[in-house]
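Report on the following structure.
Reminder, nothing fancy here: chain letters follow the sequence lines and each chain counts from 1. Model, not experiment: these values are computed from the prediction. The basis for the numbers below is simple: all heavy atoms, side chains too, and nothing from hydrogens, waters or symmetry mates.
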2 protein chains.
Amino acid sequence: MRWTELENEACPVARGLSVIGERWTLLILRDCFLGVRRFDDFQSSLGITRHLLADRLKTLEEKGLLSREQYQDRPPRFEYCLTRTGRDLFPVLVTLITWADAAVPSPQEAPYRLVSRATGKPVAPVLCDAETGARLTPRDLRMIRPGLAEPEADPGRG
Amino acid sequence: MRWTELENEACPVARGLSVIGERWTLLILRDCFLGVRRFDDFQSSLGITRHLLADRLKTLEEKGLLSREQYQDRPPRFEYCLTRTGRDLFPVLVTLITWADAAVPSPQEAPYRLVSRATGKPVAPVLCDAETGARLTPRDLRMIRPGLAEPEADPGRG
DNA sequence: TTGACGGGTTCCGAAAGGGAACTTATCTGT
DNA sequence: ACAGATAAGTTCCCTTTCGGAACCCGTCAA
């Protein structure tokens, strides 16, 4: 497995990382969800070099997560908008935020919150089974490789 | 914001990425959930260089996601087990898998499946509100920055 | 005493990242 | 007409990280 050829792997984690696994990419997408659209706004928000930002935006456009849309003619100017595929990534960001708040605590207050679009109130998102609606904690799930022996015990019981 | 100092950011996405955002890290953790524990098994599973693998495992131990446990005395041999904090990352992996299966399709079949630990049957995990149990689609949530103006419209409606 | 196993470390060239200045096109003020 | 500002990149060059391969160490079995 080579990092630069992850998109050809059978493993969905590897294929996912081929799109969002590079340095800065998920932070660019976070800014998109916060409403950032323009090159200089991403740049000042992230402190990333302009070179790298241009590269990441181009890749995200090519992979179909952002669309580059012209918002003025003379001189031509563009903004970067989340596509359907990009918006579908929101649960990943949500679970990452939830995990990081518990696992990597910070003295500072978070600069944004997750709220319901309908009520405007904060929500605490958790995983459930789509069919039964039953809550799925990490202990309720396992990853198995069909055809291979099971792990001898729960991974990471230690 | 500097990539090497993300752990000091107020943003939980940035702090999360300071732990799991480096090349290969999430793939190492995927292997942990599949039951891989030993250095050479990670190495042959990933094709990563031994040097980089040693570095990533050490970092994951320092950050508290893995514990290095001796399983034999002479010569001393160790295995890497998920800690509680590491296991808590499972929802991130689950949502990433769900997204990648839809967004980055592959001709090959996935090498593993998500199943219920209780019933052994496949599950389709989705996000719900912990309080009400209501399903949370990406459209039901928004990220807001308190004190700042709202984005003019839905981010990425285009 | 030779080879295998498990778990690393060292070395070095290649690729990616980072800082700063430069470019291009247009509008605004003087 | 000219200076400066704005927006979106691009170029240059140096540093850090990655990647491939070989090497090292302790132990055990043949």
Side-chain angles (χ1 to χ4, degrees), chain A residues 1-9 14 17-28 31-32 35-63 66-81 152, chain B residues 1-9 14 17-28 31-32 35-63 66-81 152:
Chain A
M1 202 184 315
R2 285 158 224 276
W3 182 262
T4 49
E5 293 160 32
L6 287 183
E7 71 269 21
N8 302 319
E9 293 292 319
L17 290 175
S18 77
V19 177
I20 60 158
E22 286 192 286
R23 215 178 257 201
W24 298 110
T25 297
L26 219 44
L27 290 166
I28 291 172
D31 275 4
C32 291
V36 176
R37 304 260 180 97
R38 298 190 184 172
F39 193 92
D40 278 18
D41 291 339
F42 286 112
Q43 205 272 322
S44 59
S45 162
L46 296 169
I48 186 179
T49 64
R50 309 177 71 77
H51 177 66
L52 217 45
L53 177 59
D55 178 82
R56 293 294 185 269
L57 289 172
K58 195 170 69 156
T59 301
L60 284 170
E61 194 201 348
E62 286 167 4
K63 300 281 188 180
L66 297 182
S67 67
R68 184 166 173 269
E69 303 192 358
Q70 187 159 353
Y71 69 89
Q72 105 180 5
D73 280 351
R74 282 183 317 283
R77 293 285 180 262
F78 302 88
E79 59 186 10
Y80 297 87
C81 300
E152 289 155 27
Chain B
M1 204 184 316
R2 285 160 223 275
W3 183 262
T4 50
E5 293 159 32
L6 286 183
E7 71 270 20
N8 303 320
E9 293 292 321
L17 290 175
S18 76
V19 178
I20 61 158
E22 287 193 286
R23 218 177 252 203
W24 298 110
T25 298
L26 220 44
L27 290 166
I28 291 172
D31 275 4
C32 291
V36 176
R37 303 258 180 97
R38 299 190 184 172
F39 192 93
D40 278 18
D41 292 338
F42 286 112
Q43 205 272 321
S44 59
S45 161
L46 296 170
I48 185 178
T49 66
R50 309 176 71 75
H51 176 66
L52 217 45
L53 177 58
D55 178 83
R56 294 293 185 268
L57 289 173
K58 195 170 69 156
T59 301
L60 283 170
E61 195 201 347
E62 287 168 4
K63 300 281 187 180
L66 297 180
S67 67
R68 184 166 175 269
E69 304 193 356
Q70 188 160 353
Y71 69 90
Q72 100 180 10
D73 280 351
R74 285 184 314 284
R77 292 286 179 263
F78 303 89
E79 56 186 13
Y80 297 87
C81 300
E152 288 157 27

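With A:Tyr71 as the aromatic partner, A:Arg37 does not meet the cation-pi criteria of under 6.0 angstrom to the ring centre and within 45 degrees of the ring axis.
One finds a side-chain N or O of A:Tyr71 lying less than 4.0 angstrom from the OP1 or OP2 phosphate oxygen of D:dA8.
Here the OG1-CG distance, from A:Thr59 to A:Leu66, works out to 10.5 Å after rounding to the nearest 0.5 Å. Atom CH2 of residue B:Trp24 and atom CG of residue B:Leu57 lie 13.0 Å apart, to the nearest 0.5 angstrom.
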Query raised in the report: How does protein reach along nucleotides 10-24 of chain D, written 5' to 3' as B (base within reach of a heavy atom under 4.0 Å), S (only sugar-phosphate), or - (no contact)?
Result: BB-----SSBB----

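With 3.5 Å as the limit, one finds a donor-acceptor pair spanning the side chains of B:Arg68 and B:Tyr80.
Put simply, the side chain of A:Arg77 and the base of D:dA7 share a donor and an acceptor less than 3.5 Å apart.
Straight-line distance from the CZ atom of A:Arg68 to the C1' atom of D:dA8: 9 Å, rounded to whole Å. The CD atom of A:Glu79 sits 12 Å away from the P atom of D:dA7 (whole-angstrom rounding).
Heavy atoms of A:Tyr80 sit under 4.0 angstrom from primed sugar atoms or phosphate atoms, though from no base atom.
Contact footprint of chain B on DNA chain C: nucleotides with an atom under 4.0 Å from a non-hydrogen protein atom, first to last in 5' to 3' order, C:dG6 to C:dG19.
In terms of heavy-atom proximity, A:Leu27 sits nearest to B:Met1 at CD1-SD, 4.2 Å. Minimum heavy-atom separation, B:Ala14 to B:Leu6: O-CB, 3.5 Å. When all heavy atoms of B:Ile28 and B:Leu53 are compared, the closest pair comes out as CD1-CD1, 3.9 Å. Annotation for A:Gly21 and A:Trp3: closest pair O-CZ2, 3.5 Å, computed over non-hydrogen atoms.
Applying the salt bridge (Lys or Arg N to Asp or Glu O under 4.0 Å) rule to pairs touching residues 54-63 of chain B yields nothing, sequence neighbours excluded.
Remark: B:Arg77 pairs with no residue by the salt bridge (Lys or Arg N to Asp or Glu O under 4.0 Å) rule, at least two apart or across chains. Applying the salt bridge (Lys or Arg N to Asp or Glu O under 4.0 Å) test to A:Arg50 and every residue at least two apart in sequence or in another chain returns A:Asp40.
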Can you give me the N/O atom pairs linking the protein to nucleotides 27-30 of chain D at distances under 3.5 Å, or say none if there are none?
{"from": "D:dT27", "atom 1": "O3'", "to": "B:Arg74", "atom 2": "O", "distance (Å)": "3.3"}

